[in-house]
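By convention in this document, chain letters (A, B, ...) are assigned in the order of the sequence lines, proteins followed by strands, and residues within each chain are numbered from 1. Note that the structure is a prediction, hence the values are computed from the model and not measured.
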Amino acid sequence: MSLNPQQNQAVTAEDGPVLVLAGPGSGKTRVLTQRIAHLISQKGVRGYQILAVTFTNKAAREMKERVENLIGPQFAQGLMLGTFHSVCARILRREVMHLPYDSNFVIFDSDDQQVVVKRALKELNIDDKRYRPRSVHGYISNAKNELISPDNFPTTTYRDEVVKRVYARYQELLIENNAMDFDDLLVVTARLLEENLGVREKYAERFHHILVDEFQDTNMAQYTLIKHLASVHKNIFCVGDSDQSVYAWRGADYRNLRRFEKDFNNPEIILLEQNYRSKQNILDAAMAVIKQNTNRRHKELFSDLGTGNKLIYFEAGNDYEEATYVADTVLQITSSGAARFSDCAVMYRTNAQSRLLEESFLRAQIPHKLVGAQRFYGRREVKDVIAYLRLVHNPSDQVSLARIIGVPRRGIGKKALETLYQVAREASNLTPGALLLELSSGTKSPYWEKFTSRAASPLSNFGKLFADWRASSEILTISELFDKILLDIGYAEYLKDGTEEGEDRWENVMELRRMAEEFDERSMTEFLETVALISDQDTLSEGQDAATLLTLHAAKGLEYGVVFIVGLDDGILPHSRTFDEPEEMEEERRLFYVGITRAKNQLYLLRAAERRRYGSTDWMSESRFLDDIPDNLIIGKTRASSGTSREKSYSWMGKSSRDSKSKTRWTSSSSKPSSTSAKRTRPKPFGKAQGKPAPAKESTYRMGTRIRHPEFGDGIILNSRGDGDDEIVTIVFESVGIKRLAVGVVKLEVLG
DNA sequence: AAGGCCCTTCTTTTT
DNA sequence: GAAGGGCCTT
């Protein structure tokens, strides 16, 4: 297939800055690969003079393959192609002499980051209840993405002051651990280029051409990075679509598109509008949805693939039914021969939604794959083994040390570990890991006197193992070291406890071992780095005929013949956390837009009136985004009858005109009626009606209600969850303090 | 030191 | 409805 005029214009654009605004399905990946091929084969650019940044490692691999197919592998040599994070990691290893790290620094993932924040809070005597590590880390990460150092951290509130102190200590701890977190990879590289003229010139000279995919998802650190890298040749080719910007929450700023136009004055702008992916009905629905966003440039999406089928809407009674409907439909369309399993994808807003879907696919025996790196790398056993390898590779890694020192249990507990930390801190220039190695050298070490006699033998034994692994790592391959560690600690016996779960865990460890084996010819550095920077999409395997389950975020850049978007409920999509933030709400809409535009032929939209979340049942109302899709594009949505249903719902719930416009989600956890009657007989809510708070009559055990208990006396309801006889209320009594009671068991008298 | 039990919190989304 | 933290017991 040949390029259309706009694609061709992009591929062959002359030197200088170029901005390609590429709608979904407009062939941007093709443009990027063809341009790289064009530069090398037509313009005499050498492979190593090109840097291309993609969104996932998988995309990078595919792009490299396609370039090699176009021009021959020998010409693609030296091409630097990868994600921002992996490209930065490569540069940082090479330039590590300019940095306060040594070359075997490790990369801390979000769990590790959390641990470091906790440590910093503890050292600074800050209450981690008042300052949640998760949220504190959020502030730190945001600052980093904006290239704000602890010194420059703006403080307008007391909380800012606290965060600033934690941030400063957090960075020190990372350096002590010889570790960088995800953000550091970008930030440290950006700062290095900014501050070190030699380094900057080296790379800016080298990269004659820079190409950036998914430009709308770059944050300040990434933008600064490419600005410096392009500072000599200024040949920078960015591809993006602000309508598909869905990472503002992690610092991405689509305004970088504007910034780019300004900083690289007057880039050539090329619009790719023709869609080669979807039927027109799908594009029309997508446009109708995205049109609702303000401050966007109108784009007309068109394809010549025909009108296609209408979208299909299904409102399930509950989330279980929703999942069953998806599985049934997949079976139906695959058995009719209309599609293969691998043509089908199910997309959802939150990972928690995947569980029911996977269960229904298992029940229906539909081959499927679940996208998500966390799925595997987040497993306890996988993390444990990686922590062992990381510690041996980088003994300064206190996070890994703390993780594995008691796994399996070896008689070293909290006390000994704290002493280890404390002694290490007192002896400056000694990390706990190094201290452990020192202790293993024998009983003569002066540090022994700080420890209790009970700790001596376990500590000494573990230190000896550790020292042995360190020595072994010099001569063994990765998989050999892997085996040795597992054998030394008896990990197989530890995991295989006779349960099926134990067998599963061991299987995961063996899976990790197979991956480690692939790195035997390479290095531990590469193995650990690959494992740390693996993205969700990277876990997508091809080849087998299987349906795909994935989040809307993970679906970006992908396409499927048949797409199911589930959970179109207000509170799920859009997510309830965005209700009060118009900008975030627009991002939710873009996310929906991304999901819609993944579909080639058929799009199913689903929701469930009743949904189990956090263990209790919530009534959901229909997603507001559904209103944006014109009726003539969708079937299964009986708008005409919703009026009457609404009336019914009103009468059942008790009409409350005061709240009739409220979009507030009615959740059982906050305001579920305590009444045990009629639970199963009430009509199913429909339309928007169920979005109302519970009527006064039924909300006996609302938060704040004053009650009297026959034994404990007067109290106030703090919380209530569950329903009917299962309802559990938390009450603070004047006499005995906080109690949790089952409503079905005791009689509570409601006080005026 | 370690295991068990109960409580709280938690969920967006990801490199 | 899981997972982590605090508190208790062995």
Side-chain angles (χ1 to χ4, degrees), chain A residues 53-57 82-89 107-111 113-115 118 128-129 132-135 138 141 144-145 180-186 214 217-219 221-222 245-252 347-356 371-374 377-378 380 405-417 452 454-455 458 529-539 550-556 567 571-579 581 584 587-588 590-592 594-595 612-617 669 718-719 721-722 728 730 738-740:
Chain A
V53 186
T54 55
F55 202 63
T56 65
N57 298 296
T83 63
F84 267 107
H85 288 85
S86 65
V87 165
C88 285
I107 298 166
F108 274 6
D109 68 18
S110 18
D111 287 351
Q113 290 171 358
Q114 209 95 300
V115 173
K118 263 184 218 162
D128 65 1
K129 290 282 179 302
R132 303 246 161 230
R134 208 189 139 71
S135 121
S141 182
K144 287 188 169 190
N145 288 329
M180 297 204 202
D181 66 12
F182 286 133
D183 301 321
D184 279 341
L185 293 175
L186 309 174
E214 304 283 7
D217 285 325
T218 53
N219 60 33
Q222 291 165 329
S245 159
V246 291
Y247 284 105
W249 55 272
R250 66 171 200 207
M347 302 174 188
Y348 36 85
R349 179 59 176 74
T350 67
N351 283 305
Q353 292 170 263
S354 68
R355 233 188 82 205
L356 279 179
V371 180
Q374 252 339 77
Y377 293 96
R380 196 176 72 225
I405 200 160
V407 180
R409 291 285 171 207
R410 48 172 69 94
I412 305 173
K414 229 179 127 179
K415 187 80 188 303
L417 188 61
T452 60
R454 183 174 175 179
E529 188 168 300
T530 304
V531 163
L533 295 182
I534 211 129
S535 77
D536 273 3
Q537 275 193 17
D538 294 334
T539 65
L550 74 181
T551 62
L552 287 160
H553 282 89
K556 197 153 77 133
I572 301 277
L573 183 67
H575 197 274
S576 49
R577 305 269 279 224
T578 69
F579 283 175
E581 299 289 338
E584 290 179 28
E587 180 149 311
E588 296 290 298
R590 291 194 292 270
L591 197 54
F592 186 33
V594 166
R612 281 189 81 77
R613 295 151 94 199
Y614 307 98
S616 56
T617 304
S669 54
L718 291 180
N719 190 11
R721 54 192 323 170
I728 305 284
T730 310
I738 294 174
K739 290 274 171 198
R740 279 160 66 84

Please report the distance, rounded to the nearest Å, between [atom1] in [X] and [atom2] in [N].
X	N	atom1	atom2	value
A:Gln114	B:dC10	CD	C1'	12 Å
A:Lys118	C:dG6	NZ	C1'	13 Å
A:Arg409	B:dG4	CZ	P	11 Å
A:Arg577	B:dC10	CZ	C1'	9 Å
A:Leu186	B:dT14	CG	P	17 Å

Ignoring backbone atoms, establish whether [X] has a side-chain N or O less than 4.0 Å from OP1 or OP2 of [N].
X	N	value
A:Asn351	B:dT14	yes
A:Ser535	B:dT15	yes
A:Arg355	C:dG1	yes
A:Thr56	B:dT15	no
A:Arg250	B:dT15	no
A:Arg134	B:dT11	yes

For [X], which contact category applies under a 4.0 Å heavy-atom criterion: base, sugar-phosphate, or nothing?
X	result
A:Ala416	sugar-phosphate
A:Tyr247	sugar-phosphate
A:Arg380	nothing
A:Ile412	sugar-phosphate

Self-check item: From CE (A:Met180) to NE2 (A:His85), nearest 0.5 Å
Solution: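 The distance works out to 12.0 Å.
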
- [ ] Assess the pair A:Phe84 and A:Phe182: is the distance between their ring centroids shorter than 6.0 Å?
- [x]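 Aromatic pair excluded; centres sit 6.0 Å or further apart.
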
For this session: Check the side chains of A:Asp538 and A:Ser535 for a donor-acceptor pair under 3.5 angstrom, ignoring hydrogens and angles.
Result: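 Note: A:Ser535 and A:Asp538 side chains meet the donor-acceptor criterion.
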
Going by atom types alone, do A:Ser110 and A:Gln113 pair a side-chain donor with an acceptor below 3.5 Å?
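Checked: A:Ser110/A:Gln113 side chains show no N/O donor-acceptor pair below 3.5 Å.
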
Considering the options A:Arg590, A:Met347, A:Glu588, which one meets the side-chain contact (heavy atoms from CB on, under 4.5 Å) requirement together with A:Leu552?
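Exactly one candidate clears the test, A:Met347.
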
Q. Can A:Trp249 be classed as stacking with the base of B:dT13, given a centroid separation cut-off of 5.5 Å and a plane angle cut-off of 30°?
A.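 Yes.
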
Would you indicate which nucleotide in B:dT15, C:dG5, B:dC10 comes nearest to any side-chain atom of A:His85?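 So the side chain of A:His85 is nearest to B:dT15.
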
